[in-house]
Amino acid sequence: MEYTFGAIEQKWREYWKKNQVYKVTNDTSKPKYYILDMFPYPSGAGLHVGHPLGYIASDIYARYKKMKGFNVLHPMGFDAFGLPAEQYALETGQHPAVTTEKNIARYKEQLDNIGFCYDWEREVRTSDAAYYKWTQWIFLQLFHSWYDRNAQKARPIIELIAIFEREGNSNLVCPGDENLKFDAVQWQSFDEKQQRDVLMHYRMAYQGYAEVWWCEGLGTVLANDEVVNGVSERGGFPVERKKMRQWFLRITEYADRLIESLDKLEWSEAMKEMQRNWIGKSIGAQVTFQSAGSDFQLEVFTTRPDTIFGVDFMVIAPEHALVEAMTTAEQKDAITKYQDYVKSRSERERMAEVKQVTGAFTGAYVLHPFTQKQIPVWTSEYVLAGYGTGAIMAVPSGDSRDHAFAKHFNIPVTNIFGDKYNGDEAYTAKEGIIENSDFISGKEIKEATALVVEALKKMNAGVPKINYKLRDAGFSRQRYWGEPFPIVYQDGIAYAIDEPQLKIPGEKRQLPVELPMVEHYKPGAEGEGPLANVEEWVTTEAGRRETSTMPGYAGSSWYFLRYMDPDNDAEFASRNATDYWREVDLYIGGTEHAVGHLLYSRMWTKALYDLGFIGFDEPFKKLVNQGMIQGSSRFVYELIGGLHVDTNAWDESSEPVSPSKKMGITGNVRHPNFFVSSGIYERIEKGTMSEAEIGALNEFINSQLIKFNKPGLTFRISVEHIIPHRVDVNIVDGYDLNIEKFKKWKNGEYANAEFILEDGKYICGSAVEKMSKSKYNVVNPDDIVAQYGADTFRMYEMFLGPIDVSKPWDTKGIEGVHRFLKKLWRLYFDEQKGWIVTEEKATETELKALHKTIRKIADDIEKFSFNTSVSQFMICVNELAGLNCHKREILEPLALCINPFAPHLAEELWHQLGYEDSVVNAAFPAYEEKYVTESSKNYPVAINGKPRLEMNFPLDAEQQFIEEQVLGNEHVQKYLEGKQPKKIIFVKGKMINIVVS
RNA sequence: GCGGGUGUGGUGAAAUUGGUAGACACGCUAGACUUAGGAUCUAGUGCCGCGAGGCAUGGGGGUUCGAGUCCCUCCACCCGCACCA
């Protein structure tokens, strides 16, 4: 009986489905384990072989954990709202709901082909109304809450109102407007609109007027993490800063907790660092500088108060509100000119020319708080309006940017670091002694910092201050394909639809606020989204609905909770369910979500925790980042030009002029498709081809040209005119081009191609690139599964290397894994005799081979070292095949071991072994210690580190006994050359080395 | 520039965490069986050398009886952030 993987795999897939083998219950008698993959965005391109890498790893782990007695939750769903579907709709007119549905069906089909143990009954889709009902509901909870800085947690807004009524906001700094102060009496005197405006400044989900990234190309605003290198992450369109009224999440209030609780997470250090950097906490002081004319105050933020005696000038951002006020009449023109220049530069230009020093003097001076010296105030774009106070005190001797600025504008530099500062380069190290600095001269930086802050505080000129790079997260998008906001506007006031004071009928208060169907996806008027065009939806009895939709990260910020209780219509998930499953034990996905999704999810989880809806405050306990599988592109090399044709012999008036003309070859010229093999191409390119070879090649080409029945052609090879083309990897076997398939490729575009081969083959060039359709290097898992089977595919992806490193896909190597599975199969089945498993007693050797494998596999799975597990299986099967072992005592546990990796095959073997139930319900075999520990050991006898020979001793031999035996050995005696050993080194009961002086 | 990471055969990679480097697989070479092989099996395969032997984990230095592993230094590549005061 042969290993007919196709039939076997199909049979068991149907069996799993029919018997609901992977159904997960919230069975609280077993310990739980929650394994989650980052759910995919269902794009139109379908899955390529890179996508399932993480899914396979998590599936192996899930099956293993199940067999170890855990109740495992391992669900899958789709992040179905998003820009690409809407962009596609704009181009084709197809409704995103339709294309999304189609794409999801395709994804599920592809995923099912690989044999994952998902419980599809728990599938979630962020675009389902039954799902986004709860996304909207969570938004409302955020809207109805505020962050209590004293208690360090989010609390219901009604509690805030109670405080205002009692004592105003004297103890609660307003995060939206730090200068806002009122007492209880004033609060009572505010009208509805004023009160609501104040509350808006406190809400966790709030509407604010702030600078956001506006992307004209996409017609929407974007969050910070959706803008990369000055262009939109999706589509690469330019972005600009724009002041707009937008919804925000007050994530900045969580900055500290988001940093602190990273410590308790099992994430890679790189991932944690990325989050820390993004939050960007810096500790320093805010210092006030009085203007010389005492007509304004300039606030600056600094992390180096100790350098205050080195301040030579101030720099203020060109957009800073104070610039106009402080600029003197003489400097007015220069400043206006500079501001215009700054405005004219796009974000991309600004980022590209970071090193350029620009700026202008405002004419204003401020006074040094200690020396009362006059300090000039400059403006420059290197100071960002959006960070700190938008102004800095410049210390050229201690900061390289300030130093460059001082040198450029010839501002004298005060040295406060003595010998450490050499006049050419700022001394930026954060250790050393401060000099030339009044009362802190001779002090260490740390001490000096404390002294300065203390002194400033006494003078009322400064306070300790912590700054963050993190900004509140923009939460609205002027798009159609997203969650609508449960918000309506009445008299210009935003109300949540569940608020009692809102005059709106009961049914309109219900969630979800469903996304209406639309005919087209064009933006509405005045920067509004497409929903603004749907008049009957926008208009309600109580007022106009919010027309923007929520961003892509809304649905994905909490989806892991929904899997716990996916059908619940009364809650996002029951408290019983969330208390049982709690946080995700193991989360697998790429690093690309380091600062987006992973940060937002953490914030939502903390908010839900603060408000008492769930009992844990971190979503993902352990995070494993799988590497990317890159494509391995193949190239063919086309010879162009250099073909000289007799004018009369070739009548191709419609042909474009070829590069030959540029080479000085006149006449009508064209080229047939000539392709040279990569070895020849490289030699031509490197110029290592001899004249004779080139001549031979030319002659060969010319002889082929006769096929076209066109006499009078001559061809000369020219390096500049060989161009590489990417060729579909699926018509290349390794590096050998399949010429027949190539000729049919692209509807016969290359049907007349001629090839210059090496060793009778056309060898393609190669390059590792991102896997994408446009590079013709996409390998579809369906093809691999059809050719080798899902089990081979799964094992091969794991065999490729460690899960967390990126590597190119190489179809060639899959043969080895496939051979292994066939070999394994032959332990159970003979081609002629069929089932050959016997009930014979296993030998010691066979048991050792098995138990060693059980131990290694279990260890490796726990360590996520799946590539070495596959190797261990290969070693085991080779050993058993060598021993001609077909015994149940060995093969039954082996079938169990392989189940996480090759579930279809394991299921088949399990049933052949006589079991009715699915193999996933069996227990993972335990190994017996006596078979994995050796009974005797080899002792390498090394003398002074040089290995000489090996001797074998029983495990329980005394150290003393071994020493005597070794030293008595005649060969050892010879090596010792009569010298006395100084020391004999044993490590872990194993002799390693004899040291001779 | 700052932060994180990696460097081992022709290739993907192992290495019990300081103890015989290169497991396992691809590829390659020979052979067997075959009408055939892109099926299967056997043997070989880090480099130099006929050989004994020597040299090898990016380069250089150090600690150690012993270093891929620890320390110092230089180099290369990858990822993230980037005028964040």
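This is a predicted model, so every value here is computed, not measured. Each chain gets a letter, A, B and so on, in the order its sequence line appears, and its residues count up from 1.
Using a 4.0 Å cut-off, no side-chain N or O of R819(A) falls inside it from OP1 or OP2 of C24(B). Between N878(A) and the phosphate of C24(B), there is no side-chain N or O to OP1/OP2 separation shorter than 4.0 Å. Put simply, K822(A) has a side-chain N or O that comes within less than 4.0 Å of OP1 or OP2 on U40(B). Residue S282(A) has a polar side-chain atom (N or O) positioned under 4.0 Å from OP1 or OP2 of A85(B). Distances shorter than 4.0 Å separate some side-chain N or O of Y387(A) from OP1 or OP2 on A85(B).
For T868(A), whose side chain is taken as the heavy atoms from C-beta onward, the closest listed nucleotide among A25(B), A85(B), A15(B) is A15(B). Considering only side-chain atoms of K823(A), the nucleotide from C83(B), C81(B), C41(B) that sits closest is C41(B). Looking at the side chain of R826(A), the nearest of the listed nucleotides A13(B), U40(B), C83(B) is U40(B). Closest to the side chain of N867(A), out of A23(B), A13(B), A85(B), is A13(B).
C65(B) and A52(B): their P atoms are spaced 32 Å apart (whole Å). Only the C1' atoms considered, G18(B) is 7 Å distant from A67(B), to the nearest whole Å. A23(B) sits 30 Å from C33(B) when the C1' atoms are compared, rounded to a whole Å. Spacing between U69(B) and A25(B) at atom C1', rounded to whole Å, works out to 24 Å. Separating the C1' atom of U57(B) from that of A14(B) is a span of 12 Å, rounded to the nearest Å. Nucleotides A21(B) and U29(B), compared at atom P, are 30 Å apart to the nearest Å. U64(B) and C71(B) are spaced 12 Å apart, taking the C1' atom of each and rounding to whole Å. Nucleotides A82(B) and U73(B), compared at atom P, are 29 Å apart to the nearest Å.
Look at U64(B): it lacks any Watson-Crick or wobble partner with both distances under 3.5 angstrom. Shown here, C77(B) forms a base pair with G5(B); the pair counts as Watson-Crick or G-U wobble because both key distances fall under 3.5 Å. Pair assignment for A82(B) gives none, since no Watson-Crick or G-U wobble pairing has each distance under 3.5 Å. With both pairing distances under 3.5 Å, C28(B) is matched to G44(B) as a Watson-Crick or G-U wobble pair.
Residues Y931(A) and H851(A) bring their aromatic ring centres within 6.0 Å.
In this structure, E269(A) reaches neither bases nor backbone, as no heavy-atom distance under 4.0 Å exists between it and the strands shown. Here K465(A) lies out of heavy-atom contact (under 4.0 Å) with every strand. Across all strands shown, I875(A) has heavy atoms under 4.0 Å from sugar-phosphate atoms exclusively, and none from any base. Among the heavy atoms of the strands, none lies under 4.0 Å from R855(A). Using a 4.0 Å heavy-atom criterion, one finds that D810(A) contacts no nucleic acid atom at all. If you check every strand for non-hydrogen atoms under 4.0 Å, K856(A) touches nothing. R276(A) comes within 4.0 angstrom of no nucleic acid atom, judged by non-hydrogen atoms across all strands.
In summary, D402(A) and R304(A) do not engage in a salt bridge, as defined by a charged side-chain N under 4.0 Å from a carboxylate O. Ion pairing between a basic and an acidic side chain is recognised when a charged N comes within 4.0 Å of a carboxylate O; D810(A) and K812(A) show no such pairing.
Checking side-chain atoms of K446(A) against main-chain N and O of K430(A) turns up no donor-acceptor pair under 3.5 Å.
Glycosidic conformation at U17(B) (O4'-C1'-N9-C4 for purines, O4'-C1'-N1-C2 for pyrimidines): syn, within 90° of 0. In this structure G9(B) sits in the syn conformation; its chi angle is within 90° of 0.
Remark: R471(A) is not positioned above the aromatic ring of W278(A), lacking an NZ or CZ atom under 6.0 angstrom from the ring centre and at most 45 degrees off the axis. Under the 6.0 Å distance and 45° angle rule, R634(A) counts as a cation-pi partner of Y735(A).
If you find the closest nucleotide of RNA chain B to M271(A) and to I814(A), the one lying nearer the 5' end belongs to M271(A). Both P802(A) and V383(A) lie close to RNA chain B; mapped to their nearest nucleotides by heavy-atom distance, the more 5′-ward contact belongs to P802(A).
Not counting sequence neighbours, the partners of H818(A) by the side-chain hydrogen bond (donor to acceptor under 3.5 Å, both in side chains) test are T792(A).
At whole-Å resolution of the value, CD in Q832(A) and P in U40(B) are 16 Å apart. For the pair M874(A) CE and A14(B) C1', the computed distance is 13 Å after rounding to whole Å. Atom P of nucleotide C26(B) and atom CG of D733(A) are separated by 15 Å, given to the nearest angstrom. In this structure, NZ of K807(A) is placed 18 Å from P of C78(B), rounded to the nearest angstrom. Going from atom CG of D306(A) over to atom P of A85(B) covers 14 Å, rounded to whole Å. Distance, Q630(A) CD to C77(B) P: 17 Å, rounded to whole Å. One atom, NE2 of H818(A), and another, P of G38(B), lie 17 Å apart when rounded to the nearest Å. Atom pair K812(A):NZ and C28(B):C1' shows a separation of 12 Å (rounding to whole Å applied).
Atoms NZ and CZ, from K822(A) and F5(A) in turn, are 8.0 Å apart once rounded to the nearest 0.5 Å.
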